[in-house]
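First the structure, which I've put down as structure tokens, then a few questions once you've had a look.
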Number of protein chains: 2
Amino acid sequence: MRADRSGQILLAHGSGGRLTQQLVDSVFARGLSNPILVRMEDAATLDFQGRLACTIDSHVVSPLFFPGGDIGRLAVTGTVNDLAVAGAEPMHLTAGFIIEEGFAFHDLERIVESMSEAGAEAGTDIIAGDTKVVEKGAADGVFVTTCGIGRVPDGVDISAAGARPGDAVIVSGTIGDHGITVLSQREGIGVATGLVSDCAPLWPLVRDMLAAAPGIRVMRDPTRGGLAATLNEIAQASGVAIEIDEAAIPYRTEVRSACELLGLDPLILANEGKLVAVMAQEDTEAVLAAMRSNPHGRDAALIGRVEAAAAPRVHARTLIGSRRVISMPTGEQLPRIC
Amino acid sequence: MRADRSGQILLAHGSGGRLTQQLVDSVFARGLSNPILVRMEDAATLDFQGRLACTIDSHVVSPLFFPGGDIGRLAVTGTVNDLAVAGAEPMHLTAGFIIEEGFAFHDLERIVESMSEAGAEAGTDIIAGDTKVVEKGAADGVFVTTCGIGRVPDGVDISAAGARPGDAVIVSGTIGDHGITVLSQREGIGVATGLVSDCAPLWPLVRDMLAAAPGIRVMRDPTRGGLAATLNEIAQASGVAIEIDEAAIPYRTEVRSACELLGLDPLILANEGKLVAVMAQEDTEAVLAAMRSNPHGRDAALIGRVEAAAAPRVHARTLIGSRRVISMPTGEQLPRIC
């Protein structure tokens, strides 16, 4: 039931009145239906006992639709993955939409459908939402903010501060797929034909990893700022050095070629379906075996180790055998990647 | 420590790299400091047992600063109030910021300070956050999405579907203050000089009300769409009619005058520090007494009653003694009110 025959979102869809009700009923409640959401209370409620994990992410990706995903899939996976790398099983999500006047109803429906699909992959659902509409020109299409709550299983204690000298550093698969996919959609840069974003919810992979080794010390998803930012965050939080072997990092051919062509450092490219994990050396084999049995960890690889250090730092053994410092990225390589 | 001497947010502040770290450290961690936030993990964790309430709201108010508040205060109170009207004590908030390139650091700091102050009033804090920066023109200043989690005390069961024939309908104070305040700031309309937004966290008021009568059946905060939308939502969810007495609704003189001058219906004006409550007649006196002892319920008033009805509807006895239907608002009276 659409009040607007032009198929576009109107300012009145954000008024809190009849059109807001129609938008919520026709797009959100229908697309995301679950027993908690349909109650349509100002707050969703549920019984909970244990260690609760909570995270929030705003999503402003441009373009909104890209090979392998869209802002809806990204909004669910981004939040699910922040829970997953805290070792938390995602339970429920909430979503806030900021929509530009004139946005196509049909596109909003596609985004909500993607959110529903990605939620199902992750075993989660959207139990509360909010919609605001701003005038044409006051936002760019749609922004989606998702908040997630999850449950940390007993005995799991994952923290960026947990890395210890001697630990192994693992990455769950090829690096840079999302960054190059979005970049190649922008401004008509026709690189990386056939590449798709890796955008995927990682909880099933993390569950398998924790089953293999509940004592995994650190997990992080290298999104904005890429592997370089994530490894530096871990080194800083843990007060250690991390040495990685550049030759061990898995890349798709399309990503490697695009980086060479455009002069990009693949270590700062964003990923949306990958994680970095740090664990005791003796856990490495079991965790890698578990990861490689999961579709999202098929290309998992041991890429480095943690070392004691007077000052936190990350460095790489390069393909030609030298060492280079991997710094925390500065400047903006590609805005609105997620 | 600011990397940008111009005092403006740069795209690189959203890159996930060094400038993002500096922004988070210098503005968010400093302005919102608490033991969970400072851990700076991808997800915040805490122990919880009981009935959990969860809500999300995106805030796009324009102007960002207005008499009585700003988008930061609004973002905290909006979410705290959605928890409170579910009967839930607010525990923690998470916040996602979407910032337009070029936004003033100083304004962001003011907004974060307001969030911290409003959080303290409500007895809550911000335990996780996210920041995205979009190009100049792709957003309007800053949008803030807040998600809240709270705990519903045992025995409390509040729902829009709870109203029963014979129940009393109460409002916690003067209606329309926020709507007219924001309107008078827009486009140089110089009405309502001296009026300030009612923007305030209502948990302390709700706590007092529940202490007086734990069996309160419905609470809702009449934000967008005002009293008209809220009463219609309650009537629809409960399958009842609601009759209100227009003469009993409290208004400030400035709001009444502005509505007369501009031809606005005060029942569809937004409020950000008011609630509507429905309860058994026998609870009315105790609840009103408790409300009037709280600064945010000083002007609380009994405004109507619930009646049995074949079809849900809301009507008002007017000042001249006739009856008029109060419909769910259609169209958009004032965009970006919250």
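Computed over heavy atoms, backbone and side chain alike; hydrogens, waters and symmetry mates excluded. Chain identifiers are assigned alphabetically (A, B, ...) following the order of the sequence lines, protein sequences preceding nucleic acid strands; residue numbering begins at 1 within each chain.
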Problem set entry | Residue part contacting chain A, namely of B/Ile149, when any heavy atom lies under 4.5 Å |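 It is the side chain, since no backbone atom gets that close.
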Exercise. Just by distance, do the side chain of A/Arg224 and the backbone of B/Gly17 share a donor-acceptor pair under 3.5 Å?
Worked result: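 A pair under 3.5 Å: no.
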Exercise. Distance from A/Ile268 atom CD1 to B/Ser15 atom OG, nearest 0.5 Å?
Worked result: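 Reported to 0.5 Å precision, the distance equals 8.5 Å.
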Exercise. With a 4.5 angstrom heavy-atom cut-off, which part of B/Asp221 approaches chain A: side chain, backbone, both or neither?
Worked result: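 Both parts, backbone and side chain.
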Exercise. What option among B/Ala44, B/Pro329, B/Gly225 has the most heavy-atom pairs under 4.5 Å with chain A?
Worked result: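 Most heavy-atom pairs within the cutoff with chain A belong to B/Ala44.
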For this session: Give a yes or no on whether the backbone of B/Ser58 and the side-chain of A/Lys132 come within a donor-acceptor separation of less than 3.5 Å.
Result: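 Yes: the side chain of A/Lys132 pairs with the backbone of B/Ser58.
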Exercise. Shortest non-hydrogen contact from B/Thr55 to A/Asp42?
Worked result: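 Here B/Thr55 and A/Asp42 meet closest at OG1-O, 2.8 Å.
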Problem set entry | Options A/Leu46, A/Asp140, A/Val133, ranked by heavy-atom pairs under 4.5 Å with chain B, top entry |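 Sorted descending by pairs with chain B, the first entry is A/Leu46.
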For this session: Look at B/Gly129, B/Ala229, B/Ser62 and state which one has the largest set of heavy-atom pairs under 4.5 Å with chain A.
Result: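 Answer, by heavy-atom pair count under 4.5 Å with chain A: B/Gly129.
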Problem set entry | Under 3.5 Å: donor-acceptor pair, side chain of B/Glu41, backbone of A/Ala160 |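 Confirmed, B/Glu41 side chain pairs with A/Ala160 backbone.
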Exercise. If every non-hydrogen atom of A/Phe143 is compared with every non-hydrogen atom of B/Phe143, which pair is closest and at what distance?
Worked result: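 Heavy atoms of A/Phe143 and B/Phe143 come nearest at CE1-CE1, 3.9 Å.
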Exercise. Looking at B/Val60, B/Thr20, B/Ile36, which makes the most heavy-atom pairs under 4.5 Å with chain A?
Worked result: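 Of the options given, most contacts go to B/Val60.
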For this session: Give a yes or no on whether B/Asp154 atom CG has more than 12 heavy-atom contacts from other residues, nucleotides or ligands under 6.0 Å away.
Result: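 Open: at most 12 neighbouring heavy atoms sit under 6.0 Å from CG of B/Asp154.
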For this session: May I ask you to name which of A/Val152, A/Thr79, A/Asp82 has the most heavy-atom pairs under 4.5 Å with chain B?
Result: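 Most heavy-atom pairs within the cutoff with chain B belong to A/Asp82.
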Exercise. In Å, rounded to the nearest 0.5 Å, how long is the span from OG1 of A/Thr45 to CG of B/Leu52?
Worked result: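 If we round to the nearest 0.5 Å, A/Thr45:OG1 and B/Leu52:CG are 8.5 Å apart.
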Exercise. A/Met328 and B/Gly16: which non-hydrogen atoms are nearest, and at how many Å?
Worked result: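 Shortest heavy-atom contact: SD-O, 4.4 Å.
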Exercise. For B/Ala228, is it the side chain, the backbone, both, or neither that has a heavy atom closer than 4.5 Å to a heavy atom of chain A?
Worked result: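 When you check distances to chain A, no heavy atom of B/Ala228 falls under 4.5 Å.
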Exercise. Which one of B/Gly14, B/Ala53, B/Gly148, B/Cys54 has the most heavy-atom pairs closer than 4.5 Å to chain A?
Worked result: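 Option with the greatest count: B/Cys54.
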Problem set entry | Value rounded to 0.5 Å, distance of SG in A/Cys147 from CG in B/Asp57 |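 Result: 11.5 Å between the selected atoms.
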Exercise. Side chains of A/Gln236 and B/Gln21: do they bring a donor and an acceptor to under 3.5 Å?
Worked result: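 Present: a donor and an acceptor within the cut-off.
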Exercise. Chain A heavy atoms under 4.5 Å from B/Arg151: which part of the residue, side chain, backbone, both or neither?
Worked result: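 Answer is neither: B/Arg151 stays 4.5 Å or more from chain A.
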Exercise. Taking B/Thr94 for the side chain and A/Ile56 for the main chain, is one N or O donor matched with an acceptor at less than 3.5 Å?
Worked result: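 Looks like no, no N/O pair under 3.5 Å.
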Exercise. In terms of heavy-atom pairs under 4.5 Å with chain A, which of B/Thr146, B/Thr131, B/Val134 leads?
Worked result: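 Heavy-atom pair counts peak at B/Val134.
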Problem set entry | chain B contacts, top residue of A/Ala161, A/Gly96, A/Ala138, A/Gly141 (heavy-atom pairs, under 4.5 Å) |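 Top option by heavy-atom pairs under 4.5 Å: A/Ala138.
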Problem set entry | Among the listed options B/Ala128, B/Ser159, B/Pro335, B/Ala86, the residue most often paired with chain A at heavy-atom distances under 4.5 Å |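 Counting heavy-atom pairs under 4.5 Å, the top option is B/Ser159.
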For this session: Report the option among A/Gly137, A/Ala139, A/Ala88 that has the most heavy-atom pairs separated by less than 4.5 Å from atoms of chain B.
Result: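 Answer, by heavy-atom pair count under 4.5 Å with chain B: A/Ala139.
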Problem set entry | B/Thr330 side chain to A/Arg18 side chain, donor-acceptor N/O pair below 3.5 angstrom |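 No donor-acceptor contact under 3.5 Å links the two side chains.
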